Structures are given as structure tokens and as C-alpha cells.
Amino acid sequence: MKYFFCLFYFIICSISAQETIEAKLLSKIEVKADSIIGIDSFKTLFFIKNNTLIKQREAVNLKYSNLQLGNITSANTFNPLKINLFYKAFNTVIILDNRLAEIFKIDFNTLQAYKNVTHVATGSDNTIWIFNQNLQQLELYDYKANNIRAKSLPISSEVIDLTSNYNSCWLLTKDFIYQYNYTGSLISKIENIGFSSIKESDENIILKKENTLYLIPEKSKKIQKIDLPNLLINQFLVTNQILYIYTDEMLHQYQLKPK
């Protein structure tokens, strides 16, 4: 019991004493959306409204919806030429091009090796990262060749969130944060001390715990608190060291600067 309280005290002290990252407000705009999906370097905004994916740039809006597949569980625009939409209720992923035209449909129910997928993220080429709940494994799935290019060892902890870039994939579980490379090899493993959401930007990781955001830089791996005003953080995104926070139909844009 004494050891438990000492460990708890150490964790609390570590969090409170850690370095902070300054967030400078650049702008805020009104956006009426159910969820914000992504923002690219050209200020193109991707969001979901009434179960429709909308791509908005200046006065031009492109839209995609598929009511037959139910609600959109997640969407990823990291590769704007191969956007993926995940419909968990139908165990299906739709791949879209930059005009939001459907170019590929992956129905995991019809594959010879059935996969019960719970989370999806973008991979390189014609691949997506998926968490296969049947095997409790993270898999890099090539949807054109219909094979697994890489996979992790089984994960025993409950999976909360998933994010990726072309080189790596981060799996947020109830107990740990796992980082894997494109071959499925484990690169790092960090204890999860209450984080509930994860995003990636240039190999740096941003995490949400309750109503606070934290940064784990690629080089130091030290958890740093992001100094923000008192906002109810419904969603957050990071693009080119720009942090976007969506709350109360307002999209806040912050520049991140180490103190």
C-alpha cells in the first residue's frame, strides 16, 4: 500500500512539474459541423455534417454520403488522394479520391479471412492500419492485394484510439501507448496515465486527458502540457505545428511554441 501511494505521488508530481508548451491564438472561425475531420496546409477543411463528409475550400464544397452503410464512425484525410471512411456498424471502409469520388470499397464481412475491425487509420500506398478485434492485433492491410503486409503481436489491453502517418502507427490502449513502424515492429511503449484521445503531427504525439492536451515530442519523449485557456475541448487536430480545437461551433487555431 505504501508503495502504491509513493508511485501515485510520483506520477502526480511528474505531471505537475513537467515542461509546458505555449499555445498562441491565431484565429477562430465559426464552423457548423457534427465533427471536424481534418485541415490541410491549403486551409481546406474536412468535416462531417448530417452523416455527410464535406470538403470545403473557400466557396467550393464537395460532399460524400452513403446512407446504406449507416453512420460514419471515423474518417481520415492524412492522404487527401485516398481518404478513408470507416463504417463500423457494417464493418466496411470506403476509399475516396480528392474529389470525394468512391474509388474502393472494403467489406470485411465478405473477405475469406473474416475481420472484425474496430479502428482504422491511413497507411502508405494502398494500405490502411486496422485493429482486428478477432485476433486482438494491429494489421497493415493492403486492400488492393487483399493481404496483410505487417501485424503486431496480440494486444491484451482495451483499444481506445488509433492514429498514423506513412511511417508509423500509434495505438492508444487503456494501459499503454504503442508505436509501431511500417513492418509492424514495436518502436516504443509508454504507460497511459489517463489519456483518452491521440493525434499525430510530424512524429510528435498530442494526447487528451480530461479537458487538457499534452505533447510528446519525437526526440525527447517527455510529456509536456499545452498551456491553453479554459476551453471545452470537443475535438482537436494538429497540422504543421498548428493546433486546432473545435468547441461550441467555433474552430480555434493555435501556434504551438515551446517555452
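Bear in mind the structure is a predicted one, so any value in this text is a computation, not a measurement.
No side-chain donor from either of Q224 and Y214 sits under 3.5 Å from a side-chain acceptor of the other. Donor-acceptor pairing under 3.5 Å is lacking for the side chains of D202 and Q241. Between the side chains of N132 and Y141, not a single donor N or O lies within less than 3.5 Å of an accepting N or O. Side-chain contact, S65 with N51: no donor N or O sits under 3.5 Å from an acceptor N or O.
For the pair K55 and F46, the cation-pi criterion (under 6.0 Å, within 45° of the ring axis) is not fulfilled.
L237 and I245 are members of different hydrophobic clusters when ILVMFWY side chains are connected at heavy-atom separations under 4.5 Å. L53 and V93 fall into different hydrophobic clusters, where Ile, Leu, Val, Met, Phe, Trp and Tyr residues are linked whenever their side-chain heavy atoms come under 4.5 Å apart, directly or through other members. Note on I128 and I103: same hydrophobic cluster, where clusters join Ile, Leu, Val, Met, Phe, Trp and Tyr whose side-chain heavy atoms are under 4.5 Å apart, directly or indirectly. In the hydrophobic clustering of this structure, I242 groups with L45; members are Ile, Leu, Val, Met, Phe, Trp, Tyr whose side-chain heavy atoms approach within less than 4.5 Å, directly or through other members.
Considering L231, L251, I233 in turn, L251 is the only one that fulfils the side chain to side chain contact (heavy atoms under 4.5 Å, CB included) rule with Y246. Of the listed residues (V159, L162, I130), just one forms a side chain to side chain contact (heavy atoms under 4.5 Å, CB included) with L138, and that residue is L162.
Contact check for N126 versus K82: side-chain heavy atoms found under the 4.5 Å cut-off. By the 4.5 Å heavy-atom criterion applied to side chains, N84 and I94 are not counted as neighbours. Taking the side chain as every heavy atom from C-beta outward, L62 and I54 never approach each other to under 4.5 Å. Between N211 and L232 the shortest side-chain heavy-atom distance falls below 4.5 Å. The shortest distance between side-chain heavy atoms of I226 and T212 does not fall below 4.5 Å.
Proximity of a side-chain donor or acceptor of D97 to a complementary backbone N or O of L81 within less than 3.5 Å is not detected. The closest donor-acceptor contact from the side chain of N76 to the backbone of F78 lies under 3.5 Å. In this structure, the side chain of E218 does not engage the main chain of N204 through any donor-acceptor pair within 3.5 Å. Listed for the N61 side chain is no donor-acceptor partner under 3.5 Å among the backbone atoms of Q56. Here the side chain of T163 pairs no donor or acceptor atom with the backbone of W170 at under 3.5 angstrom. A side-chain donor-acceptor contact under 3.5 Å links T173 to the backbone of F176. In terms of modelled atom types and a separation under 3.5 Å, the side chain of T127 and the main chain of L140 share no donor-acceptor contact. Judged by distance alone, the side chain of S157 and the main-chain N or O of D175 form a donor-acceptor pair under 3.5 Å.
No more than 12 heavy-atom neighbours from other residues, nucleotides or ligands sit within 6.0 angstrom of CG on L153.
Atom CZ of F86 sits about 6.0 Å away from atom OG of S74, to the nearest 0.5 Å.
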Going through the checks in order, is the side chain to side chain contact (heavy atoms under 4.5 Å, CB included) test met by Y166 and N79? CA-CA 9 Å; Y166 294 135; N79 182 348; 3.3 Å; yes
Output, in order, the C-alpha distance, side-chain angles, deciding distance and verdict of side chain to side chain contact (heavy atoms under 4.5 Å, CB included) for R57 and D40. CA-CA 10 Å; R57 185 176 181 187; D40 65 18; over 6 Å; no
What do the steps show when you test F236 against Y244 for ring-ring contact (aromatic ring centres under 6.0 Å, His included), and what is the final call? CA-CA 5 Å; F236 68 97; Y244 296 90; over 10 Å; no
Walk me through whether T92 and I106 qualify under side chain to side chain contact (heavy atoms under 4.5 Å, CB included). CA-CA 6 Å; T92 297; I106 312 161; 5.8 Å; no
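Classified by interplanar angle (parallel below 30°, tilted 30° to 60°, perpendicular above 60°), the ring pair Y143/F104 is tilted.
Classification of R149 and D125 as a salt-bridged pair holds, one side-chain N sitting under 4.0 Å from a carboxylate O.
For Y178 against L186, the heavy-atom pair with the smallest separation is CD2-CD1, 3.7 Å.
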May I have the list of side-chain donor-acceptor pairs in residues 112-120 shorter than 3.5 Å, sequence neighbours left out?
{"unit_1": "K115", "atom_1": "NZ", "unit_2": "E139", "atom_2": "OE1", "d": "3.1"}
{"unit_1": "N116", "atom_1": "ND2", "unit_2": "Q133", "atom_2": "OE1", "d": "3.2"}
{"unit_1": "H119", "atom_1": "NE2", "unit_2": "I160", "atom_2": "O", "d": "3.3"}

